[in-house]
Each structure stands twice: as structure tokens, then as C-alpha cells.
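Some notes on the structure that comes next.
Sequence lines set the chain letters: A, B, ... in the order given, protein chains first and strands last, and positions in each chain run from 1.
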Protein chains: 2
Amino acid sequence: MADTAHRPENRYGNRPTMKDVAARAGVGLKTVSRVVNGEAGVTADTERRVQEAIDALGFRRNDSARVLRKGRTSSIGLVLEDLADPFYGPLNRAVEEVARAHGALLINGSSAEDPDREQELVLALCARRVDGLIVIPAGHDHRYLEPEIKAGVATVFVDRPAGRIDADAVLSDSFGGARSGAAHLIAHGHRRIGFIGDQPGIHTASERLRGYRTALADAGLPIADDWVSLGTTAPRRVHEAVRAMLALPEPVTAILTGNNRVTVTVVRVLTDHERPVALVGFDDIELADLLDPGLTVIAQDAATLGRTAAERLFHRLDGGADAPARVVVPTRLIARGSGEIPPPADG
Amino acid sequence: MADTAHRPENRYGNRPTMKDVAARAGVGLKTVSRVVNGEAGVTADTERRVQEAIDALGFRRNDSARVLRKGRTSSIGLVLEDLADPFYGPLNRAVEEVARAHGALLINGSSAEDPDREQELVLALCARRVDGLIVIPAGHDHRYLEPEIKAGVATVFVDRPAGRIDADAVLSDSFGGARSGAAHLIAHGHRRIGFIGDQPGIHTASERLRGYRTALADAGLPIADDWVSLGTTAPRRVHEAVRAMLALPEPVTAILTGNNRVTVTVVRVLTDHERPVALVGFDDIELADLLDPGLTVIAQDAATLGRTAAERLFHRLDGGADAPARVVVPTRLIARGSGEIPPPADG
DNA sequence: CTGAAAGCGCTAACAC
DNA sequence: GTGTTAGCGCTTTCAG
């Protein structure tokens with residue numbers, strides 16, 4: 001047909017349109033639209049004829065066109081650090097469930113902890129005109145989002161706050177969690193407690209360090225420089241940090257870790273160590289209860305983090321115009337054995 | 001302005017369009033389009049003026065309109081069972097990386113192992129006109145996809161094959177993996193080996209059962225009915241199955257599990273059991289090497305599964321028209337101790 | 001209850 | 001180099 005000759009090659013494989021359905025059913029375009037969208041005002045008989053044409057043609061509404069006209073995509077974007085990280089799985093799922101309840105689809109992407117990639121991804125999502133955005137930030141400067149937010153893209157940050165802009169954020173209680181973890185070790189008699197954390201530029205990492213420091217200060221305990229190690233979560237780096245703390249003239253008798261990647265490496269090192277060393281890890285880990293001793297952790301509630309953020313987002317989309325707020329989700333200390341090991345009698 | 005009065009309320013928060021940019025820069029619409037898309041044929045001076053207008057207005061191209069015109073969304077859909085399941089994390093990420101390399105975004109969703117929800121999600125993605133679809137099927141009848149596939153939606157199934165349609169599938173070697181796991185236990189002297197698997201309706205579950213049966217048959221070993229238990233992965237169900245096998249007059253001396261949820265429960269039960277029982281689990285588990293004994297597993301390569309499926313998808317999108325194929329990704333047995341426990345001397 | 005016309009914001013095709 | 005026109009497939013508006 002001359003009519004279709006102008007179409008781009010792979011134009012949806014030449015799918016039928018409402019116009020095609022209308023022609024086949026012998027009705028007007030708008031009537032098809034009414035049937036497809038379940039609107040009232042169509043005779044049962046007309047509806048049947050239209051439905052037959054739809055089935056015969058294999059018609060499915062093109063939401064791209066619908067979106068262009070309606071101005072809403074009914075989709076939200078979620079940018080996280082790594083889709084493969086088990087910590088983000090429950091968060092991702094929780095966001096999805098809320099989105100689903102609001103009839104929205106979820107577009108996902110990983111920043112790979114790279115600020116440029118984060119920005120690229122976020123702006124691509126804005127170009128797609130997602131209704132809202134949930135971001136676990138990799139970068140520290142989100143001013144690039146200002147025009148987008150001004151233009152109406154609701155945005156909620158999770159796990160870490162936004163940098164240099166005022167925006168909603170839903171965060172775990174890193175400070176309180178780390179403080180309670182350190183306090184737990186102190187309560188079990190430890191006086192030389194090491195902290196092995198992530199890079200201090202990361203908000204949660206510095207908050208956890210602050211919690212550790214506060215707990216020790218509150219207990220009137222000093223902190224030696226040798227007891228604190230911050231850096232990448234690379235096993236090698238962590239491995240060396242642990243060995244160094246245990247090789248001190250007065251070695252640490254307990255360790256608090258700043259996240260689960262660090263924890264795993266520390267567990268491996270301690271398994272080979274002759275003397276028992278107490279350990280409290282930040283973030284829960286699957287099977288932590290099956291280890292011997294069981295791993296005592298400060299558990300974050302990733303699902304609540306995601307659900308809260310998504311609910312906040314849809315609150316905004318529903319017109320909520322209150323000032324940007326910071327919501328803090330509590331952590332929970334789960335004692336399983338490793339954090340209850342007492343210091344050696346001579347320590 | 002009267003011009004904007006007709007617009008829907010929340011129309012992208014009234015973002016500027018190319019027309020607005022053109023007016024402000026004093027150029028034609030097409031020139032703006034050229035600048036935005038980096039096309040050649042624009043003077044450096046014109047380009048600068050357009051760029052200034054873009055920045056001043058905070059313009060960002062509306063991809064919804066672009067998609068409508070171009071006929072391709074540059075997005076693919078991934079439907080999996082549960083975004084929160086750690087097994088799917090690496091798969092998800094691998095798919096994302098391939099999509100990203102092809103300039104496509106990823107729309108994600110969970111079927112929650114519910115065929116109706118799978119269908120609903122898949123059809124919603126088709127309405128969005130995703131270029132392609134990667135599906136971990138929950139249901140067993142995918143004929144609902146026939147019109148979509150015919151209309152040009154490339155579709156690849158992963159982890160389990162499609163039901164009642166002929167489509168590409170990328171699968172783990174469930175049969176070979178289970179067979180090698182059982183053979184491993186036989187090689188270590190076991191003659192009474194239990195199998196605790198998932199519901200037999202699930203393709204991978206029945207394949208793994210078949211691998212178990214084949215290994216025992218190949219070794220000339222009989223299989224008692226009491227040694228095989230299939231059903232949900234609910235801890236309670238698995239717990240009872242294990243206890244029953246261990247309470248037989250001639251109890252099993254080794255167990256092969258059908259997936260990681262089952263494995264976790266079995267480990268818990270065996271920890272409390274007086275006699276050591278050998279265990280090989282299907283699927284690797286984080287920290288499996290830290291358990292005592294270390295957990296011997298048949299590891300699937302979820303990332304390869306995802307990458308292979310995504311590559312196949314883009315191969316199709318690039319015009320690949322070969323017949324639907326089934327690609328099998330090998331598994332790997334990782335011996336860590338639990339699978340090398342010998343049977344008791346009297347067994 | 002039904003349909004014709006306009007237009008969402010962009011790109012393709014073709015002028016100039 | 002640049003601009004004009006048409007139209008992607010749908011929803012909105014308004015007239016029958």
C-alpha cells in the first residue's frame with residue numbers, strides 16, 4: 001500500500017493502530033478509543049464489534065502515543081549503585097510494589113558508583129519523562145537536577161542524601177546503628193575496639209564512623225589512630241587493615257565493620273586467627289546465623305527504605321508540596337554470638 | 001497565555017519544547033532539532049545561539065515524542081520472578097550492561113511467580129513498545145505472546161523455557177549439574193542419597209530430579225521413594241522432609257538439594273543433627289565457604305545467563321532471523337567440604 | 001451514543 | 001545552512 005510506504009523500516013513491525021481497528025469495525029476512531037480504555041458510552045453491540053476487530057488484528061494500544069498526549073508516562077526511574085548488590089534487591093522490590101500499586105512501571109539502572117554515569121542515567125530518565133525519580137546517589141553534586149525538579153520531576157534520594165540541592169531523602173540511621181554496635185561491644189567488656197569502614201567521602205561511611213567515635217567517647221574510652229581504618233572495600237585492603245590491628249602491641253579485642261563487603265572479609269581473616277575476636281558488622285548478611293559463631297549485625301531495613309522512598313515520591317506526585325524532608329529509618333542490632341565474645345582475661 | 005491554557009494540568013510541569021527554543025533563538029524548529037541531536041549542517045554561531053536558548057530555558061528533549069516518530073523506544077523489558085532474590089541480581093545487572101552498550105534502558109518487573117501477573121506485566125511492556133523482552137517465565141503457556149512476537153517484539157526466555165510457543169531460551173544445565181552433584185556424592189562412597197527439590201511443575205526442578213535419577217541409575221544404584229521429596233521451598237516443608245529421610249530405618253547418608261532456598265533450610269537441620277550427613281546444594285550461596293563444613297554446591301552462572309540472553313535479544317533486534325534456539329549454560333561443582341563427607345563406616 | 005478535527009513534541013522529507 | 005510541511009497514534013474537545 002502506498003499508505004504504509006512512508007513508514008520507517010522497523011516501525012513496531014507495522015502494528016495495527018486504532019484507525020485500522022476503526023476501519024475494520026466500521027466505527028469511528030474515538031469509539032475504538034472508548035472501548036480500549038473501558039470508557040462508558042458505547043453500546044454492547046458496538047463494543048463487541050470493536051473487540052472482534054481488536055482480536056482479529058492483534059491490536060495493542062501504543063502507550064508512546066498515549067503518553068505524548070496525556071503528559072504522564074506512569075513510570076518512575078530508580079537509579080541505584082549496583083543492581084547485582086544483594087542489599088539493593090529488597091529495596092528494588094519494595095519500590096516496585098509501591099509503583100505497581102500506583103499503576104507505574106519501573107525503569108532501573110546502576111550508576112556503578114560513578115557520578116558521571118549517574119548523571120547520564122538520570123538525565124536519560126528525565127528525557128523519557130519519568131513521573132518521578134528515586135536515586136541512590138553516587139555523586140556529591142546534584143545541581144544538574146535543578147532544572148528537572150523545577151520542571152516537575154519528583155525526586156527522592158535514598159540511602160545517601162543529595163549533594164548541594166535541597167531534596168527529599170530517606171536514610172538508614174547509620175550514626176545510631178554504629179553507635180549501638182560499638183556500645184554493644186563496650187557493654188561486653190571491650191575497651192580496644194577497631195573500626196574498619198568504607199571511604200570517608202561516602203555519607204553513610206562517615207556517619208558510621210561518627211557513631212563509633214561517639215559510643216567510645218560516651219563511655220570515656222580513648223581511640224587510638226591505629227584502631228580506625230577507612231578505604232575501599234577491596235578484600236586485600238581490608239585484610240591488611242585487620243591484620244595490622246591484631247598485630248599491635250596492644251591489639252584490638254573487637255571490631256566494628258562499616259558495611260557487609262568489609263564484614264565478609266573480616267570474617268575470613270578472623271576465622272584463621274588464633275585468638276577469638278569479637279565482631280559486629282553493619283548490614284545483615286544472608287546465612288549470618290549459620291556461621292560459627294553466628295554473626296552479630298546492625299541490620300538495615302532495605303525494604304522499608306525503598307517503600308518509604310517510593311511512598312514519599314507518590315505523595316509528591318499526588319500534589320504533596322511540603323518542604324523537602326529527611327526521613328530516618330531505624331536499624332536493629334541482632335545478637336548472634338560474634339558480638340558477644342568477651343575480651344581475653346588479660347586484655 | 002491562551003496558547004497554554006488547553007494543556008493538561010501536570011503536563012510535564014509545562015516544560016519548554018523545541019518550538020520554544022527555536023522562538024527564543026530566532027531560528028527554525030529543525031535547526032534546534034539538529035543541534036539537540038548533534039547533526040551536521042549548523043554554523044558554529046547558530047549552534048551557540050541555540051545552545052544558549054536551551055540552557056536558558058532548561059530544555060530537555062522529550063523522548064516520548066521522539067519515540068512516537070522513530071518507532072523504537074530503545075528500551076527493553078526484563079520480567080523476573082523476584083527483584084529481591086539475590087540469584088537474579090547478577091542476571092539483572094548483566095542484562096543492564098548489555099542494554100547500556102546498545103543504548104537501551106531497562107524496564108524491570110517481578111512476576112512474583114504468578115502467571116497472571118507475568119502476563120499483565122509483559123503486555124504492559126508491549127504496550128510501551130519495548131524493543132525486546134527478556135522473561136523468566138512464571139507460567140507455562142505463553143501463547144498470549146504470539147501476536148506480540150509476530151508484531152516484532154523480540155523475546156528471549158531465561159532460566160526456564162517458554163510454554164507452548166517456540167522461542168529463544170537460555171538455560172542453566174540443570175540436568176547435567178544435578179547429575180554431577182549426585183555423581184560426586186556417589187564417588188565419595190554414598191549409596192543412599194536423598195533429593196529434596198522444588199515443585200515438579202517447575203522446569204528446572206524436574207530437570208534436576210532427572211539428573212539425580214540418572215546419576216544413580218548410571219551407578220547401578222536403586223532409588224527408594226522415601227529418598228525423594230518435591231514440593232514448596234517453605235522451610236517447614238523442607239524441614240520435615242529432611243527429618244523423615246534421616247529417620248528411616250536405613251537413613252540417607254547424603255542429600256542433594258534442588259535450589260538455594262531448600263539448601264539453606266537443610267543446612268539448618270543438619271547443623272542440629274548428631275551424625276554428619278553429606279550435602280551438595282544446587283545454586284551457590286554467599287558465604288558458603290565460611291560455613292563449617294564449607295558448603296559444596298553446583299553453581300549456576302547467573303551473569304552469563306543474563307548476558308547471553310541479552311546478547312541474543314540484540315542479535316534479534318539487529319535482524320538476526322535464525323530459528324529459535326535453546327542455549328545451555330554449564331554449571332560448575334565447587335567442592336568445599338560438605339559434599340566430601342564420607343558415609344558412616346557402618347552405612 | 002458517536003465521530004470529526006485538532007494537536008501533544010518530535011523527526012523525515014523536501015523545499016529554499 | 002536553514003526552514004517548512006506533514007504526520008507518528010493517541011486523547012481531547014466539541015458537534016452532532
Side-chain angles (χ1 to χ4, degrees), chain A residues 2-23 25-50 54 57 59-74 127-129 151, chain B residues 2-23 25-50 54 57 59-74 127-129 151:
Chain A
D3 197 325
T4 56
H6 288 179
R7 294 184 176 181
E9 290 247 337
N10 203 6
R11 160 149 238 94
Y12 309 134
N14 271 343
R15 298 192 71 137
T17 70
M18 281 192 181
K19 196 172 157 195
D20 300 326
V21 174
V27 300
L29 179 57
K30 179 60 199 174
T31 300
V32 176
S33 175
R34 287 200 179 90
V35 171
V36 168
N37 295 304
E39 283 169 30
V42 182
T43 333
D45 182 60
T46 311
E47 175 167 359
R48 192 185 41 69
R49 269 177 30 239
V50 170
I54 288 175
L57 261 32
F59 168 82
R60 182 162 316 282
R61 185 181 65 200
N62 184 335
D63 278 350
S64 298
R66 170 171 232 245
V67 153
L68 182 58
R69 193 64 245 241
K70 297 203 81 127
R72 292 204 143 221
T73 56
S74 294
R128 299 286 172 118
R129 295 296 191 266
Chain B
D3 198 322
T4 56
H6 288 181
R7 294 183 178 183
E9 290 247 335
N10 203 5
R11 158 149 240 96
Y12 310 133
N14 272 341
R15 298 191 72 137
T17 70
M18 282 191 181
K19 197 174 158 192
D20 300 327
V21 175
V27 299
L29 179 55
K30 180 63 196 174
T31 301
V32 177
S33 174
R34 287 199 180 90
V35 172
V36 168
N37 295 304
E39 285 169 31
V42 182
T43 334
D45 182 58
T46 312
E47 175 168 357
R48 192 185 41 69
R49 269 178 30 238
V50 171
I54 287 174
L57 260 33
F59 168 82
R60 183 162 315 281
R61 184 181 66 199
N62 184 337
D63 279 348
S64 297
R66 170 170 232 247
V67 153
L68 183 58
R69 193 67 246 236
K70 298 203 81 129
R72 292 203 141 221
T73 55
S74 294
R128 298 287 172 117
R129 296 296 190 267

From C:dT11, D:dT13, D:dT2, nucleotide with atom closest to B:R66 side chain: C:dT11
State which residues pass side chain to side chain contact (heavy atoms under 4.5 Å, CB included) with A:L57; sequence neighbours excluded, sorted by chain then number. A:P16, A:D20, A:V21, A:R24
Shortest side-chain distance from A:L29, nucleotide among D:dG1, D:dC8, D:dC10: D:dC10
Taking only the side-chain heavy atoms of A:V27 (C-beta and beyond), determine which of D:dC8, D:dG3, C:dG3 contains the nearest atom. C:dG3
Is any side-chain nitrogen or oxygen of A:T46 closer than 4.0 Å to OP1 or OP2 of C:dT2? yes
Salt bridge (Lys or Arg N to Asp or Glu O under 4.0 Å) with B:R66: which residues, sequence neighbours excluded? none
Just jot down the side chain to side chain donor-acceptor pair (under 3.5 Å) partners of B:R60, sequence neighbours excluded, or say none. A:E148
Bend angle of the helix from C:dC1-D:dG16 to C:dC16-D:dG1 from five-pair axes at both ends, rounded to 10°? 40°
Sub-4.5 Å side-chain heavy-atom contact between A:V36 and A:I54: yes
Side chain of B:K70: nearest nucleotide among D:dG9, C:dA12, D:dT12? C:dA12
By nearest atom, which of the nucleotides C:dT11, C:dC8, C:dT2 is closest to the A:R69 side chain? C:dC8
Quick one: pull up OG1 in A:T73 and CG in B:D63 and give me the separation to the nearest 0.5 Å. 11.5 Å
With the side chain defined as heavy atoms from C-beta on, B:T43 is closest, among C:dG9, D:dT2, D:dT11, to D:dT2
Toward the 5' end of DNA chain D, by each residue's nearest nucleotide, B:E47 or B:A65: B:E47
Out of curiosity, A:L29 CG to A:R34 CZ, how far, rounded to the nearest 0.5 Å? 10.0 Å
So which of residues 31-42 of chain A are in contact with DNA chain C, with a heavy-atom cut-off of under 4.0 Å? A:T31, A:R34, A:G41, A:V42
Check whether any side-chain heavy atom of B:V67 sits under 4.5 Å from a side-chain heavy atom of A:R128, and report yes or no. no
Quick one: pull up CE in B:M18 and NZ in B:K30 and give me the separation to the nearest 0.5 Å. 8.5 Å
Pairs under 3.5 angstrom only: tabulate donor-acceptor contacts from the side chains of residues 38-46 of chain B to other protein residues two or more places apart or in another chain.
residue, atom, partner, partner atom, Å
B:T43, OG1, B:T46, OG1, 3.3
B:D45, OD1, B:R48, NH2, 2.7

